[in-house]
Q: 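If you scroll down you'll find the structure; I have some questions about it.
Below, chain A is the first sequence line, B the second, and so on; all start at residue 1.
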Amino acid sequence: MSDLYQLSITVNDTEYQRAIEPRILLSDFLRHDLDLTGTHVGCEHGVCGACTVLFDGHPIRSCLMFAVQADGHHIQTVEGLGSPDNLHVIQKAFWDAHGVQCGFCTPGILMTLVPFLENNPDPDEAAIRQAISGNLCRCTGYQNIAEAVKLAAESMRT
Amino acid sequence: MKKSIGERIKRTEDPRLLTGQALFVDDVNIPNMLHAAFLRSDYAHAYLRSVDVSEARARPGVVAVFTAEDMGDDWQPGPPLVSPPPTVEDITFYSRRQVPLAKDKVRHVGEPIAVVIAESRYIAEDAVEDILVDLDPLEVVSDIETALDPNAPLVHDDLDSNLAAHMIQSKGDYQAAKATAEVVISRKIEIDRGAAAAMENRGIVADWDSKSQHLTVWDTTQAPIPIRNGLAARLGLSESQVRVIAPFIGGAFGPKMMMFYPEEMRIPWISIQLGRAIKWIEDRRENFYATTQERRQVHEAEMLLTREGKILGVSHTFLHDSGAYDPYGLTIPLNTESHAMGAYAVPNYFSDLTVVFTNKILTTPIRGAGRPQGIFVVERLLDLAAKELEMDPVEIRKLNFIPPDAFPYEQQIIDQAFSPLIFDSGDYQPVMEKAAGMIGYDQFVKEEQPRLRAEDKHVGIGIVPFVETTGVGPYEGARITIEASGKINVATGVGTQGQGHFTAFAQVVAEQLGVDVKDVNLVTGDTAQFHWGTGTFASRGAVVAANAIHASALIVREKVLKLASKLLEAPEEELELEDGYVRVADIPHLSISLGDLAAEANPLRGAVEPGTEPGLEATAYFGPKYGAIAFGVHAMIIEVDPETMMVEIKRYVVVEDCGTVINPLILEGQIHGGVAMGIGNAYYEQLIYDENAQLLNASLADYLIPTANEVPRIEIGHFETRSPLNPLGTKGVGEAGTIPVPALFAQAIENAFPDHDLEILEMPLSPNRLFELLQEKESEK
Ligand code: FES
Ligand code: FES
């Protein structure tokens, strides 16, 4: 077994110190070491986008990265966005527009959209679809996700 | 009474899903849990000479390694999933079921050979690499069309050939009709394999507690109750010792209904052997090799018509790919037959079905489940007939629809449950007209298309109707309890995989008990809560389970009224249920809350009257006589880029008739998702196998499922013909979105190339394949 590596990482504003194997994927570390299971894993090869989290504010695929590469960085996961009783605007919009079916792809899509909406306060349909085109969803056909994004953009503007 | 059924109510389960708080199988974390990884065959067909696991066992962190040999007498093939076909005349069926771990022979790439149990998944996967396997490769049965060649290798050595089943169905006298037919259209039609590709792969966690002698299993299954029953039987436990939980499931679409996957039986068995909790989570690669697939069929199909375009008969002799085993019996090809006459009155029908074994992962239903193939066959033949007769595609269809006064319409063949296929109700023509109207069919064909064609644009239009057999038996059940808090607890056996059952079922309860949907707490898919039922498949949740819930709600309502009438001293007829209270109409202050009523019904002192039961609770079941037949029409306008052959969908219209709609919001979502999968089936998703039955595109980077850029905005129209077969009048809709899409693509693409006389007789298509077909036509010119 390989040697352990001292990792210091900030996730959803909480700092964690852990000794881990260098080969542990960031996705596995978040899910199984920190028990933040909201980040999902659908392919482990960087295609489906289910594992998307924010790395110093940028969306990345946590299945394509080792946890040790996040040493000293800030990660945000869906758990840091809102809670069932206090949903983030985007989460609320997904609820209102029925942008969720099985919900497996949803955390990754939400994390993709957070910075997108910050940079694009009034996106049109084509821009929205382009923004989520790296996230696969097998249930919704994307239409209500697009609706949800419009709804979220609107409430964020007002 | 306040309406709840038919309302666009937001889903109650969403806040948990949106915040990462919903429990999926891979989120289950048990202290001291071990992890499993499987060694799988790299060959499609080979004798297994030996497996040496000694090095794997010696690796630090490895707790155990199991091969078929280590299982002793517990090594048994899986149970048949559906009852094998009754041995009636004209049916041949050889049952060969999947094995827990390969013993003498492997029959498809991905078949499990050994399983490693270790302290972590990482270590387990390392140890899989340590195993030495001696596989002696055999000739491979790589396709259905060569499977029955006299010198083809045998998938199952004990059979004389690769024939898995043969069956003939007929109606009327096809040969006699052929003698009089003025138009005969015959073509070979092919459909290839695809994957369900749910975003969540399969997974299972099993936890045997030796102190309490109890097994708890979390499984990504569509059918927790049959899994519980099967596990108990196979493991020699009583059913009360096994609890199976299907928590939130990240999409299923059919393959999570396969019982039992080798892993599904193995992991609980190992948990008992080791007395530890074990987790196995499938990775995406395994999902391509070891999760069931569907759709491969080859048809020699024919349609007979009169000069006026009236269908006289349909026949098809077809091959169906079973893969290496056939635990699912004839469900898929029988569904194909049930749809091969489409929505039309076809007086003569003949079908000759041959199912063959191949060296590929087995096939089981995937959203659509044989129906898209049947619809593709009949709609293609009809399109070709329309061309030959120079008739409008809409007109020829209207001419042939089963007329509204002909229901219930007996198709005179048997369906997938071996019951007579009967279409319960429908009114097809207005649905077709509505779809044509919404897409602006006439205007597009007469004005817009000629104008765009003049600009050299390859624009096409398609319009395709379809039927869907839904809501089959045998039954589902539900228990409803009013708690002293006033909350309503509902337990049912079906699992849920994103269909919004929590909300739709709550609406059915709310409608009868006059409560807010928020106050209805629904438990699905936990055998500790409810343990009678079959599962979520064949678009049956909204039909079978919802009607069972409706039936229990009616009984609870009766109990509520009876008790309230006594307490409020008012006749039952004068009572109303609203906002969680029972009120005497016109005297609003005379009321009692459901919670108080529930407490009264469960007294701590005094006596419960003889012949009555404590509490406000009821359990009821519903089993439909036969399935309810939904109907719909899809229409679309496309533009094909003649350089890249990419198809851009300009407009997409769906008009559906699935009887009573419980929640239009959820229904529309189901259609959106179904269409998206249909688009994949039609133009992007094909599992490509080589001559060694090796899958060449086993990753999401190579197997393309549609993204937000390929799926268009979908315009939906509703139509409502109640099903007379159940009190709610519902029909299923789960698969409706997917079924007609390949047929629709074929029609629209042909329409986009009027000068090429293109004939699309295969699915899935792809930009490359369309290019080839057009080239062939060019060179013929
Ligand atoms: S799990 Fe990371 S992209 Fe699919
Ligand atoms: S909601 Fe199921 S994959 Fe997107």
Q: For chain B, which of Leu110(A), Val78(A), Asp35(A) has the most heavy-atom pairs under 4.5 Å?
A: Val78(A)
Q: So what's closer than 4.5 Å to chain A heavy atoms on Asp26(B): side chain, backbone, both or neither?
A: both
Q: What is the distance from atom CD1 of Ile281(B) to atom CD of Glu44(A), rounded to the nearest 0.5 Å?
A: 10.5 Å
Q: So, Gln91(A) side chain and Pro15(B) main chain: donor-acceptor pair closer than 3.5 Å or not?
A: no
Q: Determine yes or no for a side-chain-to-main-chain donor-acceptor pair under 3.5 angstrom, with Tyr142(A) supplying the side chain and Pro706(B) the backbone.
A: yes
Q: For the backbone of Glu200(B) and the side chain of His40(A), can you confirm whether one donor and one acceptor N or O come within less than 3.5 Å of each other?
A: no
Q: Taking all non-hydrogen atoms of both residues into account, name the closest pair between Ile714(B) and Gln143(A) and its distance.
A: N-OE1, 2.5 Å
Q: Where does Asn201(B) contact chain A at under 4.5 Å (heavy atoms): side chain, backbone, both or neither?
A: side chain
Q: Among the options Arg121(B), Met677(B), Lys10(B), pick out the one with the most heavy-atom pairs lying under 4.5 Å from chain A.
A: Lys10(B)
Q: Distance-only, no hydrogens or angles: does the Arg284(B) side chain make a donor-acceptor pair with backbone N or O of Gly42(A) under 3.5 Å?
A: yes
Q: For Arg285(B), I'd like to know if atom CZ has over 12 heavy atoms of other residues, nucleotides or ligands within 6.0 Å.
A: no
Q: Between the side chains of Arg138(A) and Glu685(B), is the shortest nitrogen-to-carboxylate-oxygen separation below 4.0 Å, so that they form an ion pair?
A: yes
Q: I'd like to know if Lys92(A) and Asp14(B) make a salt bridge, using a cut-off of under 4.0 Å between side-chain N and carboxylate O.
A: no
Q: Assess the residue pair Tyr122(B) and Asp28(A) against the criterion (side-chain hydrogen bond (donor to acceptor under 3.5 Å, both in side chains)); give the C-alpha distance rounded to whole Å, side-chain angles, the decisive distance to 0.1 Å, and a yes or no.
A: CA-CA 10 Å; Tyr122(B) 286 74; Asp28(A) 284 341; 2.6 Å; yes
Q: Between His98(A) and Leu665(B), what is the shortest heavy-atom contact and its length?
A: CD2-O, 3.2 Å
Q: Give, as side chain, backbone, both or neither, the part of Asp96(A) having an atom under 4.5 angstrom from any heavy atom of chain B.
A: both
Q: Side-chain contact test, heavy atoms from C-beta onward, threshold under 4.5 Å: evaluate it for Gln21(B) versus Glu79(A) and give yes or no.
A: yes
Q: Taking atom NE2 of His35(B) and atom NE2 of His32(A), what is their separation to the nearest 0.5 Å?
A: 7.5 Å
Q: Which one of Cys43(A), Ala50(A), Pro107(A) has the most heavy-atom pairs closer than 4.5 Å to chain B?
A: Cys43(A)
Q: Under a 4.5 Å cutoff for heavy-atom pairs, which residue among Thr140(A), Asn144(A), Ile128(A) has the most contacts with chain B?
A: Thr140(A)
Q: Between Glu125(A) and Arg713(B), is there a salt bridge with N-O shorter than 4.0 Å?
A: yes
Q: Heavy-atom pairs under 4.5 Å with chain A: which of Gly680(B), Ala22(B), Gly669(B) has the most?
A: Gly669(B)
Q: For the interface with chain A, which of Ser120(B), Gly673(B), Ala198(B) has the highest count of heavy-atom pairs at distances below 4.5 Å?
A: Gly673(B)
Q: Could you tell me which of Leu136(A), Ile132(A), Asp85(A), Thr106(A) has the largest number of non-hydrogen atom pairs under 4.5 Å with chain B?
A: Leu136(A)
Q: Under the 3.5 angstrom rule, does the side chain of Trp95(A) hit a backbone N or O of Arg11(B) as a donor-acceptor pair?
A: yes
Q: Between Ser699(B), Ala196(B), Ala708(B), Ala197(B), which shows the greatest number of heavy-atom pairs under 4.5 Å with chain A?
A: Ala708(B)
Q: Spell out, as yes or no, whether a donor-acceptor pair under 3.5 Å connects the side chain of Arg129(A) to the backbone of Asn709(B).
A: no
Q: Can you spot which of Leu17(B), Thr19(B), Leu18(B) makes a side-chain contact (heavy atoms from CB on, under 4.5 Å) with Pro84(A)?
A: Thr19(B)
Q: Select one option (side chain, backbone, both, neither) describing which atoms of Ile24(A) are under 4.5 Å from chain B's heavy atoms.
A: both
Q: What option among Pro712(B), Ala676(B), Ala701(B) has the most heavy-atom pairs under 4.5 Å with chain A?
A: Ala701(B)
Q: Is there side-chain contact between Met199(B) and Cys48(A), with heavy atoms separated by less than 4.5 Å?
A: yes
Q: Under 4.5 Å, counting heavy-atom pairs only, tell me which of Asp126(B), Asp283(B), Asn29(B) racks up the most with chain A.
A: Asp126(B)
Q: Where on Leu81(A) is there a heavy atom nearer than 4.5 Å to chain B: the side chain, the backbone, both, or neither?
A: neither
Q: Got a second to check how far Thr707(B)'s OG1 is from Asn135(A)'s CG, nearest 0.5 Å?
A: 10.0 Å
